[in-house]
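Okay, structure first, notes after.
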Amino acid sequence: MAEPITERDHEQVRRLHSEGNSRNAIARAIGRSAATVSKIAGLEGLTFSGGARVAAATEARRADAAARRELLADEALDGALGQVTKTTAAESARDARDHATAARALTEVHARVSELARQTGTGSAGGSMLDRLADALLGPAGGDREGE
């Protein structure tokens with residue numbers, strides 16, 4: 001049978017919670033189950049949502065993802081431009097077609113990642129200029145052009 005919850009348990013939970021400890025860390029520190037700590041916290045009006053720490057971590061994760069999307073978009077556009085150069089220097093019609101196909105696929109990656117950045121409000125102003133350059137060189141990404 002479980003040991004009754006004491007006032008000392010309440011005091012320890014309040015103190016450890018105010019120090020920023022997690023529910024599981026408090027449970028380990030006082031030798032009680034996480035469920036017991038949750039019960040005490042509920043009675044004390046305490047929560048373990050993480051508040052500012054969770055918000056800061058989430059914002060950092062969003063910023064990191066935005067930076068990676070921008071890098072991916074830039075790399076895809078650079079790759080597409082490289083494929084266009086290879087298309088004009090190709091030794092056979094098949095090689096030229098393969099390079100053109102690769103350029104188109106990379107342009108579509110660039111356009112999709114850039115659109116995601118615009119939708120989430122994390123794109124840079126440079127992305128719009130790069131989009132226009134890619135469209136001018138290769139046509140709109142994802143759109144079918146006649147004869148392809």
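Reckoned from all heavy atoms, side chains included, excluding hydrogens, waters and symmetry mates.
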Step-by-step side-chain contact (heavy atoms from CB on, under 4.5 Å) determination, Leu116 to Arg112: CA-CA 6 Å; Leu116 177 61; Arg112 289 178 180 153; over 6 Å; no
[atom1]/[X] to [atom2]/[Y] distance, rounded to the nearest 0.5 angstrom?
{"X": "Glu19", "Y": "Leu16", "atom1": "CD", "atom2": "CG", "result": "5.5 Å"}
{"X": "Thr36", "Y": "Arg23", "atom1": "OG1", "atom2": "CZ", "result": "10.5 Å"}
{"X": "Asp74", "Y": "Ser114", "atom1": "CG", "atom2": "OG", "result": "8.0 Å"}

Trace of the salt bridge (charged side-chain N to carboxylate O under 4.0 Å, His left out) decision for Glu11 with Arg15: CA-CA 6 Å; Glu11 290 170 10; Arg15 180 179 53 79; over 6 Å; no
Look only at the side chain of [X] and the backbone of [Y], and say whether a donor-acceptor pair between them is shorter than 3.5 Å.
{"X": "Asp9", "Y": "Thr6", "answer": "yes"}
{"X": "His17", "Y": "Ser22", "answer": "no"}
{"X": "Asp95", "Y": "Ala90", "answer": "no"}
{"X": "Ser38", "Y": "Ala34", "answer": "yes"}
{"X": "Arg32", "Y": "Glu3", "answer": "yes"}

With heavy-atom distances below 4.5 Å as the criterion, would you say the side chains of [X] and [Y] are in contact?
{"X": "Leu77", "Y": "Leu106", "answer": "no"}
{"X": "Arg68", "Y": "Asp64", "answer": "yes"}
{"X": "Gln12", "Y": "Ile26", "answer": "no"}
{"X": "His10", "Y": "Ile5", "answer": "yes"}

Under-4.0 Å salt bridge between Glu108 and Arg104: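 Judged by the 4.0 Å cut-off on N to carboxylate O distance, Glu108 and Arg104 do form a salt bridge.
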Cationic N near anionic O, under 4.0 Å, Glu7 to Arg14: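 Judged by the 4.0 Å cut-off on N to carboxylate O distance, Glu7 and Arg14 do form a salt bridge.
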Could you tell me which non-hydrogen atom of [X] sits nearest to which non-hydrogen atom of [Y], and how far apart they are?
{"X": "Ala103", "Y": "Gln83", "value": "CB-CB, 3.6 Å"}
{"X": "Val37", "Y": "Phe48", "value": "CG1-CZ, 4.0 Å"}
{"X": "Ala100", "Y": "Thr87", "value": "N-OG1, 3.4 Å"}

